[in-house]
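Only a predicted model underlies this, so the values are computations on that prediction, with no experimental measurement involved. Note that ligands are numbered from 1 as they come in the structure, with each ligand's atoms numbered from 1 the same way. Index from 1, following the sequence.
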Amino acid sequence: MQLSKKQKGILYSSCFIILALILTFWSGKNFYDFAHYETEFAIREDVVTRIEKFSKYSPRLKGTVGDSDIYVIEGAEPGPSVLIIGGTHPNEPAGQLSSTLLLENLTVERGTVFIITEANRSAYTHSHPQEASIQYFGIETPYGVRTFKFGSRATNTNQQWPNPDVYVHRTSGQKLSSVDTRNLNRSYPGSENGTYTERVAYAITECIRQNNITITIDLHEASPEYQTINTIVSHNRKEALKIAAQTTLMMELNDVDIRYEESPQNLHGLTHRELGDYTDTLAFLLETSNASQGKIRGAFTEELVLNGSDKFYDKALEKGIGKILYAPPVSLDERVARHVYTIYEIIQAYNKYYGTEQLGELKVNGFPGYQDVLTNGIGHYLKEIKK
Ligand SMILES: [Zn+2]
């Protein structure tokens, strides 16, 4: 049967509409599934004392996606405390993986450990499709593969929209780029009735203030071509700088390249600046070298996230460190090993200089060694999720 021109037109446009509907449905389901996928964490009921919610400190988060968990591990004896923040930027996986590893391994003899694994949960509900970024990655464990999400740097627009033309940081009045209005690490100290991201920041600030948390460590990553990698950024309080210097010394003596720098006085909204200014905590931020955040990477694959290997970074490395890259990109195992080891040394440094003061020492066990994490891989330390 010969189709007329008109019939052909109807047939082609019908096929096109059906294809568009299939694609719309498929991508819609994909977005929906990703937004609703919940990463699981193994909670040792005999170790984790309690789980608090952000809404305890920032009530307007109650019932929203941003009402993250705060895991609290208390020692038998009271003492100093540390807050470990993972998941500020969900496109920096070593932060979440390190906080997860510590949640599933640490025990506390003296003092208290607070752990957040998903600081900005809203930012875990979307990714960067225009960067062709992966959505999930798997970590092999003795119990099977654990799935984690590779999210976005910013709060989902479902929670906060539109962006202003210029983002004005609330307490300092500093003008920042528009998109930073949804960046948790430009929103501290936050505000109870502010934007969604400010309410999340407020929860963390209030948690620190109300619990009088001694040390706060915010875990990040950056691209190998960003100057502040393999770095401890420390609030400028004398005690914090002393701890950062001692930590750097111990890590360098153990052949882990690291340096520390002081939080810039005039850059606002960040943990290492505002938490140190608005609370009594000793605030630090840690950065590793993550190729999956870089601008010169090639294909965005799970392999890139896990192993940090990329042919364009290999080319850049041939030119030598200090030309294009400030440090080589490394595997997720190595980035987590670095974060975990830095946290360990920060606690040792605190104990060395301030462990004889009123609060005494913070005694925490269960840190795997730097070399152990490299040898065994992160998965070795992740516990089985009990259903
Ligand atoms: Zn970050």
Solution key, residues 367-379 side-chain donor-acceptor pairs under 3.5 Å, sequence neighbours excluded:
residue	atom	partner	partner atom	Å
Asp372	OD2	Gly369	N	3.4
Thr375	OG1	Gln371	O	2.7
Asn376	ND2	Asp372	O	3.1
Asn376	ND2	Tyr381	OH	2.8

Of the backbone and side-chain N, O or S atoms of Glu92, does one lie nearer to the Zn ion (ligand 1) than 2.8 Å?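 Of the N, O and S atoms in Glu92, at least one lies under 2.8 Å from the Zn ion (ligand 1), which means yes.
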Output yes when Arg110 and Glu361 qualify as a salt bridge under the 4.0 Å nitrogen-oxygen rule, no when they do not.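 Result for this pair is no, no salt bridge flagged.
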Side-chain donor-acceptor pair present, Ser172, His169, cut-off under 3.5 Å: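 Yes.
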When you look at Val82 and Ile213, which way does the side chain to side chain contact (heavy atoms under 4.5 Å, CB included) test go after all the steps? CA-CA 6 Å; Val82 61; Ile213 292 176; 5.7 Å; no
What is the name of the N/O/S atom of His89 that is nearest to the Zn ion (ligand 1)?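 The nearest such atom is ND1.
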Any idea which N/O/S atom from His220 gets closest to the Zn ion (ligand 1)?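 In His220, the N, O or S atom with the shortest distance to the Zn ion (ligand 1) is ND1.
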